[in-house]
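Note that this is a predicted model, so its numbers are computed, not measured. Just so it is clear: chains get the letters A, B, ... in the order the sequence lines come, proteins before strands, and each one is counted from 1. Values reported hereafter were calculated over all heavy atoms of this structure, with side chains retained and with hydrogens, waters and symmetry mates removed.
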Number of protein chains: 2
Amino acid sequence: MDAREAVETIQREMTVFARRARASAGRLHPELSLVSYTLLGHLEDSGGCRATDLAAHYALDKSTVSRQVTALERSGLIERRQDPTDHRVQVLHLTDAGRGILAQVTESRRAAFRERLAAWPEPDLERFAEYLVRYNAWGGSGARGAG
Amino acid sequence: MDAREAVETIQREMTVFARRARASAGRLHPELSLVSYTLLGHLEDSGGCRATDLAAHYALDKSTVSRQVTALERSGLIERRQDPTDHRVQVLHLTDAGRGILAQVTESRRAAFRERLAAWPEPDLERFAEYLVRYNAWGGSGARGAG
DNA sequence: TCCGTCTCGTTGCACAGTACAACTTGGCGC
DNA sequence: GCGCCAAGTTGTACTGTGCAACGAGACGGA
């Protein structure tokens, strides 16, 4: 396989993956779409951030994030805290309920991935993880293009 | 990074990727969404098939495929041919216009990937491609689960 | 101090993609 | 022929999304 062929393969396989991801996005959890799961996960990782940060990181419109956040707050999974130094800003935080559901969904996803990756030798797993990080890091948090 | 950590990273990065893929799906071509691009690609690969086959292969409802097909036909990218042996069946075929646009979109996607992967050393490209193939091959064409 | 301009977020609107259910049309077995 | 099955279409509803317009607050220069 030469470089040209490898790029071709990466394109094709990424497309296949994207299609399947979309197909299974709705079946994640009765209460959590793939988007809201992702947003919750980011809140956990970051320890709380602004809606604008979420929008930038996931290439979503701020209005989309705003609505998702509203829904998540209505479900009691996150809470908004006014930033005392800047009253325009709302810092979003997971609630205990949110943390619980997030852990639950993460665990079931993790189990699916573990099963799927069970036969992989550890060095391959590590390289694959590293490649994905490198791929997604391209162009910074708002990367566009060959998604 | 140990294996547990690597699986975790793969899960997270695949999710980020899926999210961004969706974000850029609409900007593929003014005339072609990611879905219709995929369907067109399948028609090219298979050399013509039924709407029901497309639905089954991509885990889509037949009504969804029906509407996509209607749109693609209206745009002159595909044509329906009655199956002479079974009048319920319409076999879908690419038109020349459809083949042209498909090639064009494939090429622009390929260029985007090439740009994105330009800085990668060739051995990494090849390994990454191989990992993706291995990942997607899991469970065959209708694989479900950790998308 | 006040005005222009920026940022953060919400809301109104429109649209794509999707599923489910009901239906039409056509084939097939008894 | 009758009943059932298969292929596709259409009605309806919902979700996720973006863009544009807007409101509220911050910030800097005249």
B/S36 vs B/S33, side-chain hydrogen bond (donor to acceptor under 3.5 Å, both in side chains): CA-CA, chis, key distance, verdict:
CA-CA 5 Å; B/S36 36; B/S33 69; 2.9 Å; yes
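In this structure, the separation between CG on B/L94 and CG on B/D45 is 9.5 Å, given to the nearest 0.5 Å. Rounding to the nearest 0.5 Å places CZ of A/R109 at 11.0 Å from CG of A/L102. If you take CD1 on B/I78 and CD on B/Q68, they are separated by 9.5 Å, rounding to the nearest 0.5 Å.
One atom, CD of A/Q90, and another, P of D/dA24, lie 14 Å apart when rounded to the nearest Å. To the nearest angstrom, C1' of D/dA7 lies 19 Å from CZ of B/R81. Here the C1' atom of nucleotide C/dG17 and the CG atom of B/L39 are 12 Å apart, to the nearest Å. Distance B/L34 CG to C/dC15 P: 21 Å, rounded to the nearest Å. In this structure, CG of A/D53 is placed 12 Å from C1' of C/dT7, rounded to the nearest angstrom. Between the P atom of C/dG17 and the OH atom of B/Y58 lies a distance of 15 Å, rounded to the nearest Å. Atom pair B/L54:CG and D/dA7:P shows a separation of 13 Å (rounding to whole Å applied).
Partners of A/E44 by salt bridge (Lys or Arg N to Asp or Glu O under 4.0 Å), not counting sequence neighbours: none found. With sequence neighbours left out, B/E130 forms a salt bridge (Lys or Arg N to Asp or Glu O under 4.0 Å) with B/R134. Annotation: ring pair (Phe, Tyr, Trp, His ring centres under 6.0 Å) contacts of B/H87 (sequence neighbours excluded): none.
Side-chain contact check for A/L54 versus A/L92: some heavy-atom pair is nearer than 4.5 Å.
Partner of A/Q90 under the side chain to side chain contact (heavy atoms under 4.5 Å, CB included) criterion, chosen from A/E79, A/R81, A/E73, A/R80: A/R80. Of the listed residues (B/T38, B/T64, B/V65, B/D53), just one forms a side chain to side chain contact (heavy atoms under 4.5 Å, CB included) with B/Y58, and that residue is B/T38.
A heavy-atom distance below 4.0 Å to DNA chain D is reached by these residues of residues 60-78 of chain A, ordered by number: A/L60, A/D61, A/S63, A/T64, A/R67, A/Q68.
Of the side-chain N and O atoms in A/R80, none sit less than 4.0 angstrom from OP1 or OP2 of C/dC8.
Taking the six-membered ring where the residue is Trp, the centroids of B/W120 and A/Y131 are separated by under 6.0 Å.
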Is there any protein nitrogen or oxygen under 3.5 Å from a nitrogen or oxygen in nucleotides 26-30 of chain C, and what are the pairs?
{"from": "C/dG26", "atom 1": "N2", "to": "B/R88", "atom 2": "NH1", "distance (Å)": "2.8"}
{"from": "C/dG27", "atom 1": "OP1", "to": "B/H87", "atom 2": "N", "distance (Å)": "2.9"}

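Axis deviation across the helix from C/dT1-D/dA30 to C/dC30-D/dG1 amounts to 0°, comparing end segments of five pairs, rounded to 10 degrees.
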